[in-house]
Amino acid sequence: MLLAIGERRTLYMVRGLIILMLAAVISEKFQLTLLSFVIEKLVLGAAVAMAVIFQGEFRRFLELLGQGKVLQFFQRKPSASKPNNVVDELVEAVRELSQNRTGALIVVETTGSIDMRVFVDQGVPIDGEISKALLQTIFQPKTLLHDGAVFIRGSRIISAGVILPLSDKTFSRQLGTRHRAAMGITEIVDQCLCIIVSEETGSISLAEKGVLDRPLTSSKLKELLDKKFALLVKGESVAPGWGLLSRLIGPKGRRFLQTTFRTLSSNSSEEKK
Ligand SMILES: Nc1ncnc2c1ncn2[C@@H]1O[C@H](COP(=O)(O)OP(=O)(O)OP(=O)(O)O)[C@@H](O)[C@H]1O
């Protein structure tokens, strides 16, 4: 229940915690003792749950703090960017799959790392460099792995045969479960895109945040992917896991945190000298 399985869900959880904290302050102000007691316990429980959810981020934060490199925490992991050849290999594979009417479903991680527990089935680990040949091979109808989605992180194919959660939205009859699965995963996980090649028509679609952009030509797909990853590289330098916090505190808050931590880091390096 309390797994951080997507930025949007996490955002709702943090909002919930903030609402609870506000309710605690208000009930205390109006001296509603019993309500205040209950809310206080709820806030405590929620805070512990959040600490468990973000344990990875906290651990990394404390490690970097100890090393006096806390600024690194606010820098985006290089995996968010995709070198041109990765997008090229991906688009070339999609173009040929589309020409041959070979169905395909590809989940591409954008910012941060997706908690793979969000997948209904995590599929079979591959951990191979992206290549047109590998993608085409996986989606050949005679292979065992062609059913399901391929999951891409950075420049690597992490797994194949991944089963995604389906969207509950009502669809045009033209769109079957492959498209529903693409919309389902992008509805609940913000930090991914999903590329779909229809087996029936060969049409290419791109799903993001539960919305399908279709039909696309392969050159349009390349344009969209290039634009997306260029934006990510230019984007604010906040660690993926903290994208949520960053959104909550806004640009002023980010500047304040970065200045504070820059000062702290320089103080700690001076102390070392
Ligand atoms: N939940 C899912 N997660 C991952 N892949 C799925 C899922 N559901 C279906 N698929 C893939 O989609 C294929 C079935 O596609 P289906 O024909 O129902 O969808 P479609 O959207 O009409 O696609 P197409 O246009 O290619 O026919 C399955 O063989 C499987 O590979």
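Indexing begins at 1, ligand by ligand and atom by atom, following the structure's order. Note that the coordinates shown come from a computational prediction; the quantities given were computed from them, not determined experimentally.
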Exam field: side chain R101 to backbone E200, donor-acceptor pair closer than 3.5 Å:
yes

Residues two or more places apart in sequence or in another chain: which of them pass salt bridge (charged side-chain N to carboxylate O under 4.0 Å, His left out) with K41?
none

Looking only at non-hydrogen atoms, find the nearest pair between S98 and V197 and report the distance.
CA-CG1, 3.6 Å

Donor-acceptor contact below 3.5 Å, side chain K132 vs main chain E96:
no

What are the atom names and distances for all N or O pairs under 3.5 Å between ligand 1 and the protein?
unit_1, atom_1, unit_2, atom_2, d
ligand 1, 1 (N), L164, O, 2.8
ligand 1, 3 (N), L164, N, 2.8
ligand 1, 18 (O), T177, N, 3.2
ligand 1, 18 (O), T177, OG1, 2.7
ligand 1, 19 (O), T177, N, 3.2
ligand 1, 19 (O), R178, N, 3.1
ligand 1, 21 (O), G176, N, 2.9
ligand 1, 21 (O), G176, O, 3.3
ligand 1, 21 (O), R178, N, 3.3
ligand 1, 21 (O), H179, N, 3.1
ligand 1, 21 (O), H179, ND1, 2.6
ligand 1, 22 (O), G176, N, 3.0
ligand 1, 25 (O), S198, OG, 2.5
ligand 1, 26 (O), R178, NE, 3.1
ligand 1, 26 (O), R178, NH2, 3.4
ligand 1, 26 (O), E199, N, 2.4
ligand 1, 29 (O), D147, OD1, 2.6
ligand 1, 31 (O), D147, OD1, 2.7
ligand 1, 31 (O), G148, N, 3.0

Tabulate below the donor-acceptor pairs under 3.5 Å that side-chain atoms of residues 142-149 make, not counting sequence neighbours, or state none.
unit_1, atom_1, unit_2, atom_2, d
T143, OG1, I138, O, 2.8
T143, OG1, Q140, O, 2.9
T143, OG1, H146, N, 3.3
H146, ND1, P141, O, 3.2
H146, ND1, T143, O, 2.8

Please tabulate, one pair per line, all N/O donor-acceptor pairs under 3.5 Å involving side-chain atoms of residues 156-166, not counting sequence neighbours.
unit_1, atom_1, unit_2, atom_2, d
R156, NE, D127, OD1, 2.7
R156, NH1, E129, OE1, 2.8
R156, NH2, D127, O, 2.8

